[in-house]
Amino acid sequence: MKTFNRESAVLINGTVRNRVEGTADGRNPTGDIEVLITSAELLNKSKAPPFELGDQKEGVLPNEDIRMKYRYLDLRRTEMIQTMEFRSKFLHLSRQYLESKNFLEIETPILARSTSEGARGFIVPSRVRPGTFYALPQSPQLFKQMLMVASMDRYYQVARCFRDEDSRKDRQPEFTQLDVEMSFVDMKDIQDTIEELIAHVWKGMYGKELKTPFIRVAYREAMEKYGSDKPDMRYGLQFVSLTETVKDVPYDIFQRIMKAGGIVAGVNLKSDVAGDKIGRNDVDRYIHYAKKCGLGGLTWMRCKDGVLESNITKYFTPEILDAIKDKMDAEEGDLLFLIAGPWKSTYEGGGLLRKKLAEDLDIIPRDEFQFLWLVDCPMFEIDPVSGKYDSFHHPFVLPLNEDLNAPYVGGACFDICLNGNELGSGSLRINRPEKQLEVFKKLGLSDEKIERNFGFFIEALSYGAPPHGGIALGIDRFISILLGKDTIRDVIAFPKNKKAASVLDGSPQKVDDETLEELQIITLATDDFQFEETEDSEEQ
RNA sequence: GCCCUGGUAGUGUAGUGGCCUAUCAUGAAGCCCUGUCGAGGCUUCGACACGGAUUCGAAUUCCGUCCAGGGCGCCA
């Protein structure tokens, strides 16, 4: 009889039976049975795999680039098969729910127009009209809105999106969104739909009811308490504003910051969680870390013998120290960290510090899933340096103020977050052309640019576009969080690496001169990057 | 564009100036054993990413490059 090596495709005929008593192998899932073989055929012999695939070897995985190069083998691992099954079932349940609510799955173009807004796009040269290019969509935004104009009323799509920006562990150049759009809805309608959708998926995946509605947190509160627009509320460590409390303290640094309109806030590391485990050296490390997070520094106070002590308490009167103690709910042994600076950058830096503290102190409940809606978002962000207006979400969000020059303009937009990650964002859209024009102009787009990039869209809105809105959920992120994966690459069958390349098929690739000529393209690149040749391909 | 971490047989690792003709496991090839299949025994094969510098001597120190990952910028 021939030896059948591992990973080969084989055809076995025989009878399954229990093994002789005393020979069962409990270590093996099939250790209780055996097959009495009547015939065996080797359909296709496998070469020796370049790395171990057996389930017992999991946890001893090779470097990721080896896994990517042989992704078809990596995907044979039980863990990867289960991930693909999970993803498939997740999408199936999502479609099942949306179909039951009369949503239509409609495909939108992959070859589309570049609107040269937002993220860098990928472009595709046209052979028929050399010198012109399609763009791959960053999202189906304009198309789904035009489907609403077209009275499609309820649309969804499992949509591939493309953005030519640098990768992160949760960002790939191409990724999948569950894209949803509806006409004649308000924000709550959209949120209710998504809650029901996720609850339906939850029931199907886990057999459990998901608690709805999700909690809602205002943008400002999220920033001021958690230092993030995607707060992880599974643990405490909330910031408390001390700006009012310390406004008269003759501490130079605070005074300067507050005169410039900045804030002072503190977080209490309770002694039972952290306070007395963090020594003076640790505090110095956190000060260093705070500076890396864009904070000017980090002030600390420790509650000892009933009073707050630190290197700067000499600038504070006992009354103010008591007020801080009171406000921060500081008790014996607690450690307070104080941050100060401009509102946005300081809270953002504080949020990074909060996350770091929670990780170091190991107080994040890893098995918990906490959904939330981030609501009451602004319409615009103003660049502190240039003073330029930028969309908080995107330029198609419906402003909540009629007057775009009001001191604060809210946007009819919101995010859905899970465990400190942004899963997706939704909004009501502008449906009147003149309002859309007004927003474009507020964002500093010239008439010429508006006409060139969005003329067709403004035109579409002018044919009685109904009020509409929608949302898009990042499927890769969602699934990776649910499965506890460190990177979305682990939930994508064929992902790209950090340099946006596929090690498996060797893309992106140079094309031959004839192809370039046909497209009338010349390249200025001198770089001669080549993927490492394998021995096999050299032999060919 | 910038910062950080890493790169030792097919794979995972040990090894911080001479004890390295480099450890262990797994793998591959061959043989032995036969209630084996994720068992056991024996033999063999196979690596310091690349280039330069320091040194009597470099896997080990330094510089540069390449590759991979994490982050900043960027991601409307």
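Proteins come first, then strands; the chains are lettered A, B, ... in the order of their sequence lines, and each starts at number 1. What you are looking at is a predicted structure, and each value in this text was computed from that prediction instead of being measured.
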Name every donor-acceptor pair, under 3.5 Å, that has one atom in a side chain of residues 407-422 of chain A and the other anywhere in the protein, sequence neighbours excluded.
residue	atom	partner	partner atom	Å
A:Asp415	OD1	A:His393	NE2	2.8
A:Asn419	OD1	A:Gln370	N	2.8
A:Asn419	ND2	A:Glu368	O	3.1

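A:Glu34 is linked by a side-chain hydrogen bond (donor to acceptor under 3.5 Å, both in side chains) to A:Arg17, counting only residues two or more places apart in sequence or in another chain. Annotation: salt bridge (charged side-chain N to carboxylate O under 4.0 Å, His left out) contacts of A:Glu85 (sequence neighbours excluded): none. Remark: A:Tyr286 engages A:Asp360 in a side-chain hydrogen bond (donor to acceptor under 3.5 Å, both in side chains) (not counting sequence neighbours). For the side chain to side chain contact (heavy atoms under 4.5 Å, CB included) test, residues two or more places apart in sequence or in another chain that qualify with A:Lys292 are A:Tyr289. For A:Glu221, the side-chain hydrogen bond (donor to acceptor under 3.5 Å, both in side chains) partners at least two apart in sequence or on another chain are A:Lys225. Scored by the side-chain hydrogen bond (donor to acceptor under 3.5 Å, both in side chains) test, A:Glu381 finds A:Lys344 as partners (sequence neighbours excluded). Contacts of A:Arg354 classified as salt bridge (charged side-chain N to carboxylate O under 4.0 Å, His left out), with partners at least two apart in sequence or in another chain: none.
B:rC3 and B:rC56 have their P atoms separated by 34 Å, given to the nearest Å. B:rA58 and B:rG52 have their P atoms separated by 13 Å, given to the nearest Å. Distance check on atom C1': B:rG64 versus B:rA28 gives 37 Å, rounded to whole Å. Separating the P atom of B:rG41 from that of B:rA25 is a span of 11 Å, rounded to the nearest Å. The P atoms of B:rG46 and B:rA9 are separated by 14 Å, rounded to the nearest whole Å. One P atom belongs to B:rC45, the other to B:rA22, and the distance between them is 12 Å to the nearest Å.
Under the 4.0 Å criterion applied to side-chain N and carboxylate O atoms, A:Asp490 and A:Arg67 are assigned as salt-bridge partners. By the 4.0 Å N-to-carboxylate-O rule, A:Glu79 lies close enough to A:Arg77 to be salt-bridged with it. Salt bridge present: A:Glu402 and A:Lys435 bring a charged side-chain N and a carboxylate O closer than 4.0 Å.
Annotation for A:Glu359: atom CD counts as buried by contact number, over 12 foreign heavy atoms lying within 6.0 Å.
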Look for any protein N or O under 3.5 Å of an N or O in nucleotides 29-36 of chain B and output each such pair with its distance, or none.
residue	atom	partner	partner atom	Å
B:rG35	N2	A:Glu34	OE1	2.5
B:rU36	O4	A:Arg19	NE	2.9
B:rU36	O4	A:Arg19	NH2	2.8
B:rU36	O4	A:Glu34	OE1	3.4

Could you run down the sub-3.5 Å N/O contacts of the protein with nucleotides 10-14 of chain B?
residue	atom	partner	partner atom	Å
B:rG10	O2'	A:Pro50	O	2.7
B:rG10	N2	A:Glu52	OE2	2.8
B:rU11	O4'	A:Pro50	O	3.1
B:rG12	OP1	A:Asn63	N	2.7

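Counting non-hydrogen atoms under 4.0 angstrom, A:Lys292 reaches nothing in the nucleic acid. Residue-level contact check: A:Ser427 touches neither bases nor backbone, having no heavy atom under 4.0 Å from any strand. Contact annotation for A:Arg67: no contact, since no heavy-atom pair falls under 4.0 Å across all strands.
Residues A:Leu352 and A:Ser391 both approach RNA chain B. Their nearest nucleotides, taken by heavy-atom distance, put A:Leu352 toward the 5′ side.
Under the 3.5 Å distance criterion, with hydrogens and angles disregarded, a donor-acceptor pair is assigned to the side chains of A:Thr108 and A:Gln157.
Stretches of at least 3 consecutive Watson-Crick or G-U wobble pairs, with each checked distance under 3.5 Å, appear in RNA chain B as B:1-7 with B:66-72, B:10-12 with B:24-26, B:27-32 with B:40-45, B:49-53 with B:61-65.
For the segment residues 156-178 of chain A, residues with any heavy atom less than 4.0 angstrom from an atom of RNA chain B are, sorted by number, A:Arg163, A:Glu165, A:Asp166, A:Arg168, A:Lys169, A:Arg171.
One can find a donor-acceptor pair under 3.5 Å joining the base of B:rG71 and the side-chain atoms of A:Lys498.
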